[in-house]
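Counting from 1, the numbers follow the sequence of the chain as shown.
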Amino acid sequence: MDMPEDLQYFRGVLKSYSPRDGYGFISCPILFDAFGRDVYIDRARLPTGASAGFALDFTITISSRGQPQVQHAVIVEEVATDPADAAKALDPNFLRFTEGPSHFSIMLEKRKNSNRLGIDVDPSQGQDLLIDSVAGGLVAEWNRRHPECKVKVGDCIVEVNSVSGHAQAIFRECRNARKLEMRLRRGRPG
C-alpha cells in the first residue's frame with residue numbers, strides 16, 4: 001500500500017502490539033512531544049507482516065479525545081537516525097493545535113499479588129483526581145519501567161476506562177476495575 005502524497009506523514013517504530021487485544025503503539029518523538037503519548041494503532045491499520053521493532057511511515061487522525069491514532073501505515077526499510085532530518089519533513093503548522101496542557105496515558109493491570117495502585121488522591125470534589133502522593137504499588141512500578149512518562153505528584157487523573165467528568169466516578173473505576181487505562185494531565189490545575 002502506498003502512502004497518499006497530500007497528507008502529512010510521520011516515521012516511527014512499532015513499540016508494542018498485542019494480537020490478542022488488537023492494538024499497539026508507535027513511538028514517534030515528534031508526536032510524543034506534541035501529544036505526550038505514543039500513537040495508537042489498531043489491527044485494521046497495521047501493515048501485514050509488521051511486528052514490534054518495525055519502522056513505519058504513517059499518517060494520523062485525532063480521536064474525539066484529542067489523541068493521535070494511525071490512519072494509514074506502511075513498513076519502511078530504513079529509519080532516519082537524525083532527528084533533525086525527521087523534523088525537516090514536518091509541516092510546522094500541522095501540530096500547532098496541540099498547544100495547551102500536556103496529557104498522557106498509562107495502562108495498569110492489577111494482579112492477585114499486586115493490586116495496590118500506590119497513589120493518594122482526594123475523590124471528594126471536582127472533575128479530576130489530583131494525585132497527592134506516589135508511594136509504591138503499581139504506579140511506582142510503572143514509573144520504574146517508563147521513566148520518560150512518570151506519574152508525579154500534582155498530575156491529575158482525568159479519565160479511567162472511558163469514565164471521566166466526575167472525580168468520585170473515576171475513583172470507583174480505579175478501585176473496581178482490574179485493567180486500568182488512565183489518561184492524566186501534567187501538573188496541578190491552574
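- Here the side chain of Arg178 pairs no donor or acceptor atom with the backbone of Glu109 at under 3.5 angstrom.
- Distance CE/Met107 to CD/Glu181: 4.5 Å, rounded to 0.5 Å.
- Phe32 belongs to no hydrophobic cluster, as no Ile, Leu, Val, Met, Phe, Trp or Tyr side chain comes under 4.5 Å of its own.
- Under the 4.5 Å side-chain heavy-atom criterion for grouping Ile, Leu, Val, Met, Phe, Trp and Tyr, Phe54 is connected to Tyr17 within one hydrophobic cluster.
- Residues Phe35 and Gln67 fail the side-chain proximity criterion, which asks for heavy atoms closer than 4.5 Å.
- No continuous path of ILVMFWY side-chain contacts below 4.5 Å connects Tyr23 to Ile62, so the two sit in separate hydrophobic clusters.
- Although no hydrogens or angles enter the test, the distance criterion places no donor-acceptor pair under 3.5 Å between the side chain of Arg185 and the main chain of Asp128.
- Lys150 NZ: 12 or fewer foreign heavy atoms inside a 6.0 Å radius.
- Taking CD of Gln71 as the start and OG1 of Thr61 as the end, the distance is 5.5 Å to the nearest 0.5 Å.
- How far CG of Leu56 is from CG of Leu14: 5.5 Å, rounded to the nearest 0.5 Å.
- The cluster map of Ile, Leu, Val, Met, Phe, Trp and Tyr, joined by side-chain heavy atoms under 4.5 Å apart, puts Phe10 and Ile26 in the same cluster.
- Leu46 and Val39 fall within a single hydrophobic cluster, where Ile, Leu, Val, Met, Phe, Trp and Tyr are joined by side-chain heavy atoms under 4.5 Å apart, directly or via other members.
- Put simply, the side chain of Asp122 never gets that close to the backbone of Leu130: no donor and acceptor are under 3.5 Å apart.
- Here the side chain of Lys110 pairs a donor or acceptor atom with the backbone of Arg175 at under 3.5 angstrom.
- The CG atom of Leu108 sits 12.0 Å away from the CG atom of Asn115 when rounded to the nearest 0.5 Å.
- Taking the side-chain hydrogen bond (donor to acceptor under 3.5 Å, both in side chains) definition, one finds that Ser27 meets it with nothing, sequence neighbours left out.
- At a threshold of 4.5 Å between non-hydrogen side-chain atoms, the residues Leu180 and Leu138 do not count as touching.
- Counting only residues at least two apart or in different chains, ring pair (Phe, Tyr, Trp, His ring centres under 6.0 Å) contacts with residues 148-173 are absent.
- Between the Asn143 side chain and the Val151 main chain, a donor and an acceptor come within less than 3.5 Å of each other.
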